[in-house]
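Contents: one structure, followed by commentary.
All chains are named by letter (A, B, ...) in the order of the sequence lines, taking the proteins before the strands, and each is independently numbered beginning at 1. Predicted model, so just to flag it, every value in this text is computed and none were measured.
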Number of protein chains: 2
Amino acid sequence: MVVSIELSDADVDRLFHALADATRRDIVRRSVDGDLSVSRLAEDYPMSFAAVQKHVAVLERVGLVTKVRRGRELLVRSEPETLRRARLALDQLAEVWEGRVQRMAALLDDDSTPEHQTRTKREG
Amino acid sequence: MVVSIELSDADVDRLFHALADATRRDIVRRSVDGDLSVSRLAEDYPMSFAAVQKHVAVLERVGLVTKVRRGRELLVRSEPETLRRARLALDQLAEVWEGRVQRMAALLDDDSTPEHQTRTKREG
DNA sequence: ATAACCTACAACCAAATGGTTGTATCAATT
DNA sequence: AATTGATACAACCATTTGGTTGTAGGTTAT
């Protein structure tokens, strides 16, 4: 079972930054099966091998991909769990609107009984 | 009804970049009710008014917030629809893993009948 | 052993980012 | 009309980013 620790602000910063580049997102997509080496990946982008290497390093630092040695090459594999955390961060941002709906309901409905709204509680 | 047009790579770049800053994410959170002006928002960050103004501009450019004039101030309101699009972009990235599951199933099960896999289609 | 291939990493550069201060505009108040 | 408050925007600066080339270290194959 994955514990899914809470991400710090800095973590979320880095995670979204890693995702804010089309080349990096493409690398994540192509690395799902974990059977492509860095040089193989690099073949399909209009930039140097070293540039692609840097992109992979950015993804690796935030845990969006991992590298596994096979012979003289490193196979890149993307990690769905980290992407799931990015989604979680987005969801937590979106939660504020749910809270707003809650508050609006409370204004309209006096029986909104805020003492047992366990559904809206954040799990710490 | 919101049409939810497809985002270009550059759009997703800008969207995730806008979200890759803790101050900007906080502004989005605080602007849910749309009752805070730029200067009111700026009061709570350890930086100049102009810096916060720039952050709001970044959010505005990608549609994460809009500004509405009220007297001499501009009220900032965050736009849930744009955040929903960010989530959609994440989901489309995550789809590749579903595709992988699909392909693995096809290897194990000869009757995977790829000609009528309507279940895997995303609703727009 | 030597050659060929894959990766790592440093040095360098241009452009973008995130901050600053200063000045101008515009609306509201007096 | 003059003042005050809120915003806009330009100029500037330091740091980061995304690219480059070059060099060096392992691993495989000949």
To the nearest angstrom, how far is [X] atom [atom1] from [N] atom [atom2]?
X: A:E73; N: C:dA8; atom1: CD; atom2: C1'; value: 16 Å
X: A:R40; N: C:dC6; atom1: CZ; atom2: C1'; value: 12 Å
X: B:D13; N: D:dT17; atom1: CG; atom2: P; value: 15 Å

Legend entry - Student check: side-chain heavy atoms of A:D44 and A:R30 closer than 4.5 Å: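 Side chain of A:D44 against side chain of A:R30, heavy atoms only: contact under 4.5 Å found.
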Legend entry - Pairwise side-chain contact, A:V28 with A:S78, heavy-atom cut-off 4.5 Å (strictly under):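 Yes, at least one pair of side-chain atoms sits under 4.5 Å.
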Inset, instruction - Kindly say if A:H17 contacts the phosphate of C:dG18, meaning a side-chain N or O under 4.0 Å from OP1 or OP2. - result: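 False: A:H17 side-chain N/O out of range (4.0 Å or more) of C:dG18 OP1/OP2.
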Inset, instruction - Give a yes-or-no answer on whether the side chains of B:S8 and B:D11 include a donor-acceptor pair shorter than 3.5 Å. - result: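 Yes - a donor-acceptor pair under 3.5 Å links their side chains.
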Legend entry - Polar side chain donor-acceptor pair, A:T66 to A:E60, under 3.5 angstrom: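 No.
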Legend entry - Any residue of residues 41-67 of chain A with a heavy atom less than 4.0 Å from an atom of DNA chain D: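 Contacts with DNA chain D under 4.0 Å: A:M47, A:S48, A:A50, A:A51, A:K54, A:H55.
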Legend entry - NZ/NE/NH1/NH2 to OD/OE distance under 4.0 Å, B:D13 and A:R25: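 Yes, this pair counts.
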Legend entry - Pair B:D35 + B:R77: basic N to acidic O under 4.0 Å: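 Looking at B:R77 together with B:D35, the answer is no, because their closest N to O distance does not fall below 4.0 Å.
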From [options], nucleotide with atom closest to [X] side chain:
X: B:R72; options: C:dT7, D:dG18, D:dA6; result: D:dA6
X: B:S39; options: D:dT7, D:dT4, D:dA29; result: D:dT7
X: B:L74; options: D:dT17, C:dC6, D:dT7; result: D:dT7

Inset, instruction - With heavy atoms under 4.0 Å as the rule, sort A:R24 into base, sugar-phosphate or nothing. - result: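 A:R24: backbone/sugar contact only, no base atoms under 4.0 Å.
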Inset, instruction - Map A:R70 and B:L75 onto DNA chain D by nearest heavy atom, then report which one ends up closer to the 5' terminus. - result: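 It is B:L75 whose nearest nucleotide is closer to the 5' end.
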